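Below you'll find the structure, written out as structure tokens, and then a few comments.
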Amino acid sequence: DHSHDQYDRDYYERLPASRTKEIDPPADEFYATEAFAEYALEFIRKGTATGDPWMVYLSHSSPHFPLQAPKELIDSYYETYLLGWDKLRELRWKRMRDLGIVDESTWSLTDRSMVPVDDQSVANGFSGEQNPAWDSLPKARRRDLARRMATFAAMVEMVDRGLGRIVDLLKETNQYENTLIMVTSDNGACYEWGPFGFDEHSRAGVTHLHEGAALEQMGQRGTYHSYGSGWANLCNTPFRMYKHFTYDGGVCAPLIAHWPAQSSRPGAIIRGATHTTDLMPTLRSATGAHYPEEHNGRHIPAEEGIDLVPCLRGEVLPERELYFSHQRARAVIRGRWKIVFSKRTPESPAWELYDLATDRCETVDRAAEHPEIVTELAEAWEAYRIRVGLEEFVPWSTPEEEGISD
């Protein structure tokens, strides 16, 4: 479960529910991320023993809140995150430039993002305002926040360690070169709910401030924390906003694909937009599987995505329309243009238009300059909504009607 205690051994089932857990360490040694990796390794070993092709879908709950990780790992990251989100955003931006991931002629480091409009008790008093400057916060709050982000980083390392063990096994069994590995995330970083994050009972009031022994215990068994909008903004560097929104800070995540036996571009950064709908066609292409038109007498919708294997061999990704929808936030990408309809902001929401060819980080709204493009893409969105069966959008009116209060 994406929101449950990583240390709660008895909560996690081996499906079907009656099945005995093959991997069941003592309760005081259990950590869900490690258990998930162990089951993936076990599956690969069994698949390898049969001599038949196998496929593993490893879907970690980490690093979703509650933020929990081994204390020694949290400690190792703590000093780094005491630098704060402002300094670290600058450092990440520089590293991205140095690695050639971003092009300064079309990319830019955006300002600190807005804290989404929400009840002030969970937005930490910053509802509709910009995330605060790190140096403006009291020292005790900075320590609390650094501990949260250090825990998140430690969780990511635990995921990475498990992936490393899988890679080691593939190498030991001579399957590494001819195994397609794809790693991605489900969305951009999550802001919930304000710059100070939240704890298990924060809905009843402001986020707790942890000091002394309580600070040291953050991220351990039975604790429940998130890291908040300031750190989410760091994680989304250099993009704007977060999960729940359809700016690229909410919908853009990297896809790392590795298949030495089939790739002619090792280490390449492949530009162009891909989508999670591309995973099915890519896996089908890689395995030679057939996509059926029906199953058990039921019609199966056609594939929406494209096969990404050709781009591993040097072919250019084709241009196409991409559609996004998350809790009434919407977006359409067609060529260089992207329209975005945001969740609630201090202004009345409306379609915004961005030229991704010159403004990759969506900083200048061009809707007033090109109303015809907005209209065309908005009509394309409506046709898509009808085709796939999404509910009709009902616009926001007042904060009170949305259940949002100050």
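This chain uses plain numbering: 1 for the first residue, then up along the sequence. Keep in mind it's a predicted model, so treat the numbers as computed, not measured.
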Verify salt bridge (Lys or Arg N to Asp or Glu O under 4.0 Å) between Glu13 and Arg19, making sure each step is shown before the conclusion.
CA-CA 8 Å; Glu13 290 185 326; Arg19 184 169 178 175; over 6 Å; no
Answer yes when Arg45 and Glu42 have at least one side-chain N-carboxylate O distance shorter than 4.0 Å, and no when they do not.
no
Are the side chains of Pro116 and Asp118 in touch, meaning some heavy atoms are under 4.5 Å apart?
no
Arg320 and Asp278: CA distance, side-chain angles, deciding distance, salt bridge (Lys or Arg N to Asp or Glu O under 4.0 Å) verdict:
CA-CA 12 Å; Arg320 60 205 165 121; Asp278 299 335; 2.5 Å; yes
Ion pair Asp248/Arg360, N-O distance below 4.0 Å
yes
Is it true that Arg385 and Glu391 make a salt bridge, defined as a side-chain N closer than 4.0 Å to a carboxylate O?
no
Identified ring pair (Phe, Tyr, Trp, His ring centres under 6.0 Å) partner of Phe239 from the options Tyr354, Trp107, Trp93, Tyr247:
Trp107
Polar contact flag, side-chain donor to acceptor under 3.5 angstrom, Gln68-Asp5
yes
NZ/NE/NH1/NH2 to OD/OE distance under 4.0 Å, Asp199 and Arg148:
yes
Does a side chain donor of either Gln327 or His244 reach within less than 3.5 Å of an acceptor in the other side chain?
yes
Pair Glu34 + Arg161: basic N to acidic O under 4.0 Å:
no
Among Phe30, Tyr31, Tyr12, which residue meets the ring pair (Phe, Tyr, Trp, His ring centres under 6.0 Å) test with Tyr7?
Tyr31
Determine, for Glu319 against Arg336, whether the closest basic-nitrogen to carboxylate-oxygen distance falls under 4.0 angstrom.
no
Just checking, is any N or O donor in the side chain of His258 or Tyr176 under 3.5 Å from an acceptor N or O on the other one?
yes
Listed partners of Tyr81 passing ring-ring contact (aromatic ring centres under 6.0 Å, His included), at least two apart
Trp231
Short side-chain to backbone donor-acceptor contact, Glu321 and Ile333, under 3.5 Å:
no
Determine whether Asp86 and Arg112 satisfy the following criterion, salt bridge (Lys or Arg N to Asp or Glu O under 4.0 Å), listing intermediate values before the conclusion.
CA-CA 8 Å; Asp86 292 322; Arg112 285 192 304 273; 3.2 Å; yes
Output yes when Arg165 and Asp160 qualify as a salt bridge under the 4.0 Å nitrogen-oxygen rule, no when they do not.
no
Check the side chains of Thr33 and Gln6 for a donor-acceptor pair under 3.5 angstrom, ignoring hydrogens and angles.
yes
Answer yes when Glu362 and Arg240 have at least one side-chain N-carboxylate O distance shorter than 4.0 Å, and no when they do not.
no
Does one side chain, of Arg141 or Ser136, offer a donor that lies under 3.5 Å from an acceptor on the other?
no
Glu293, CD atom: more than 12 neighbouring heavy atoms under 6.0 Å:
no
Does the side chain to side chain contact (heavy atoms under 4.5 Å, CB included) test come out yes or no for Tyr191 and Asn233, once each step is laid out?
CA-CA 8 Å; Tyr191 73 86; Asn233 196 193; over 6 Å; no
Just wondering, more than 12 heavy atoms not from Lys94 lying within 6.0 Å of its NZ?
no
Less than 6.0 angstrom separating the ring centers of His225 and His208, yes or no?
no
For the side chain of Ser285 and the backbone of Pro281, is there at least one donor-acceptor N/O pair under 3.5 Å apart?
no
For the residue pair Leu255 and Val183, establish whether any side-chain heavy-atom pair is separated by less than 4.5 Å.
no
Are Asp359 and Thr106 close enough, and set up right, to give a side chain to side chain contact (heavy atoms under 4.5 Å, CB included), and what steps lead you there?
CA-CA 5 Å; Asp359 180 24; Thr106 56; over 6 Å; no
Is it true that Asp75 and Arg147 have a side-chain N and a carboxylate O under 4.0 angstrom from each other?
yes
Could you work out, with ring-ring contact (aromatic ring centres under 6.0 Å, His included) as the rule, every residue matching Tyr78, not counting sequence neighbours?
none
